[in-house]
2 protein chains.
Amino acid sequence: MRKYNQEKLVNSMNGALKLREQINEIIDPLFEQGISNICWLGIGGTYASGMQANIHMKEKTALETFYQNAAEYLVTGNKRITAKTLVVISSVTGNTQEMVDAVKRLNEVGATILGFMDDSKAKLAASLTYCISYPENEQLKFFMVGDRLMYLNGEFPDYEDFYQEMDAHFAEDIAQIGKQADDFAQEFAIKHHEDALHYFVGAGNQWGATYSYAMCYWEEQHWLRTRAIESAEFFHGMFEVVERDTPVTVYVGEDTQRALSVRVAKFLPEICGNYTIIDTKDYALPGFSEKYRGTLSPFVFHEINNRIDVHIEHLNRHPMDIRRYYRALDY
Amino acid sequence: MRKYNQEKLVNSMNGALKLREQINEIIDPLFEQGISNICWLGIGGTYASGMQANIHMKEKTALETFYQNAAEYLVTGNKRITAKTLVVISSVTGNTQEMVDAVKRLNEVGATILGFMDDSKAKLAASLTYCISYPENEQLKFFMVGDRLMYLNGEFPDYEDFYQEMDAHFAEDIAQIGKQADDFAQEFAIKHHEDALHYFVGAGNQWGATYSYAMCYWEEQHWLRTRAIESAEFFHGMFEVVERDTPVTVYVGEDTQRALSVRVAKFLPEICGNYTIIDTKDYALPGFSEKYRGTLSPFVFHEINNRIDVHIEHLNRHPMDIRRYYRALDY
């Protein structure tokens, strides 16, 4: 399999899961002291991860939780963010300008900032209330924060049981998805690596990932045009431009919004002959209770998307590290 | 001028402004009794209007305000919506299925529902706590609700002064924008009425309108493909697919997020030769104080977009009322 290192993948995920202890040591006393709300602040890919964490929490919680674009925070502000707010951020480099500036402003407000930095030497680390350094696995880190908060708020009684299954099976299961999906991913890549415009449809805890997969992977890294849309919104205007040959991919997960994506998947074949349905139900997650599969859906899709990327990158002979403009020009 | 009836336009807006008394009679006692938060609930175009009202309020308010997709509410729920929540909705027909179902659920929760119905005979009206019937002017209706709440919360001391200017000048000024923009709109339509894919960039109180103009007008009513993006997000992936001939339109308004759109407008010419910048600063709003222009930006853009639509509709000989699938097929 091209660019697939199972051991590295498994170790990366298991290492991320081990951060849970560190996360809880931060979250537990914070919750005890009392926080008024939770803000997921980011831009681009990290903004999208915030959308995912937010909707993941919305399924269960009565806590006030919202996501906030860093650049918009700098100009419009957000009066809901106060000294009693827990702001969660993530950054690969720690030097994205909007994030650096937003953190500065958050400190002026006195908010508590928990930051995940991929790079342990990130300069931004010194400006955070709490910093956890570990590469990748952004969604997992965010979900662990959200889950702990909901547990402490009495909204996730299965917390211990869920993480027992996570620690035992998550990394191996997700790595296996990569193997299982690779043939499909290659076929998909062969069919779509030259698409003039590809539509991605997703919902719930996969919406943020649908948004960022279309933007941060296809647009930014493959230079392929996309349009992402929420499943519920598909029927409210967008679908009028779908015709026989329009490439449309629908992510059908198993969270509370499954029904919204199933609706698209059922209707689409009537008007389109170039669709792809990716349904997490087609993928086994041995060792996991049925009731947790919805939470795992974005991780399943993430691994499938990774495999698609590997093949598109090769077919297009377009290394994903190339950027035309991003951090290459002044803007 | 094609399909332009100044008198009708002015009367429609002035009639909408007169709803303010009715709105305040509802909002004032509600606020007095105490509401915990404000939810803008919608789907498609009304979802987008909720985004606009929400960001309009965020500029000033410490009240908890958020927008909620009706379909997502039905499957995921939202525990922040309680008997103490004011939910604001709008509907043209009052029979959009997701809205009908969401209102039913809101009533079970005991939320207060203020609904604007275009059609005074809308069946949904009977299920609302308060119903105001008047056609069109959705953003204006929503802004009047948001402004009153902020006034009552002590966050909009200029409220009376602002609405004095609105009552005196708004309708005439916006109708004039239509006249002023018509030549530009025709040129724009001639240039772009056959675009394979058109990018729309917007921010702040124009983001919701950018999203819905791309989706509910170009996709749904002109059957032209689009991709809408928030100005701040443009630099975080999407812009890598912009090349010399890529059609990109940027809405530069005068609200707090102006700087984010100006940044796109300044950079774009370096990589793209097929761009259009629509800047509200190029349009006079006689009688209005400078400080209110930001709030008026979406109305200026709305009228410009209306003129573009009239010309695209004619050039493409595609009446905007035609739908292929929407309410034409079962889905």
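Each chain gets a letter, A, B and so on, in the order the sequences are listed, and its residues count up from 1. The analysis underlying the following values was restricted to heavy atoms, covering all of them including side chains, and did not include hydrogens, waters or symmetry mates.
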| Side-chain donor-acceptor pair present, B/Glu254, B/Thr280, cut-off under 3.5 Å | yes
| query | Under a 4.5 Å heavy-atom cutoff, which of B/Thr246, B/Thr61, B/Ile271 has the most pairs with chain A? | reply | B/Ile271
| message | Under a 4.5 Å cutoff for heavy-atom pairs, which residue among B/Asn37, B/Thr65, B/Asn78 has the most contacts with chain A? | response | B/Asn78
| Segment of A/Thr76 engaging chain B (4.5 angstrom heavy-atom cut-off) | both
| Would you say the side chains of A/Trp40 and A/Ser49 form a donor-acceptor pair under 3.5 Å? | no
| request: Let me know if B/Tyr73 has heavy atoms under 4.5 Å from chain A in its side chain, its backbone, both or neither. | output: neither
| request: Return yes if a side-chain donor-acceptor contact under 3.5 Å exists between A/Thr96 and A/Arg327, otherwise no. | output: yes
| message | Looking only at heavy atoms and a cut-off of under 4.5 Å, which of A/Lys266, A/Glu243, A/His222 has the most pairs with chain B? | response | A/Glu243
| said: Heavy-atom pairs under 4.5 Å with chain A: which of B/Phe235, B/Phe234, B/Trp218 has the most? | reply: B/Phe235
| Minimum side-chain heavy-atom gap A/Gln52-A/Pro298 below 4.5 Å | yes
| query | With respect to chain B, which residue among A/Leu63, A/Asp330, A/Leu74 yields the maximal number of heavy-atom pairs within a distance under 4.5 Å? | reply | A/Leu63
| field | B/Ile43 versus chain A, the contacting section by heavy-atom distance below 4.5 Å | value | both
| task | Identify which one of B/Tyr275, B/Tyr213, B/Tyr217 satisfies the ring pair (Phe, Tyr, Trp, His ring centres under 6.0 Å) criterion when paired with B/Phe200. | result | B/Tyr213
| task | Against chain B, label A/Leu197 side chain, backbone, both or neither, depending on which of its atoms sit under 4.5 Å from a heavy atom there. | result | side chain
| message | Using a 4.5 angstrom heavy-atom cutoff, name the option from A/Glu59, A/Arg263, A/Glu64 with the most pairs to chain B. | response | A/Glu64
| Under 4.0 Å between a Lys/Arg side-chain N and an Asp/Glu carboxylate O for A/Glu155 and B/Lys79? | no
| query | Among B/His236, B/Glu230, B/Glu233, whose side chain to side chain donor-acceptor pair (under 3.5 Å) with A/Asn69 holds? | reply | B/Glu233
| Structural part of B/Tyr199 lying under 4.5 Å from a heavy atom of chain A | side chain
| note | Checked A/Arg225, A/Lys60, A/Lys58 vs chain B; the most non-hydrogen pairs under 4.5 Å come from A/Arg225
| task | Would you confirm whether the ring centroid of B/Tyr331 sits within less than 6.0 angstrom of the ring centroid of B/Tyr325? | result | no
| field | Largest heavy-atom contact set with chain A, pairs under 4.5 Å, which of B/Phe239, B/Trp223, B/Phe66 | value | B/Phe239
| message | Is the shortest side-chain heavy-atom distance between A/His56 and A/Thr295 below 4.5 Å? | response | yes
| note | Under 4.5 Å to a heavy atom of chain B? For A/Tyr47 that would be side chain
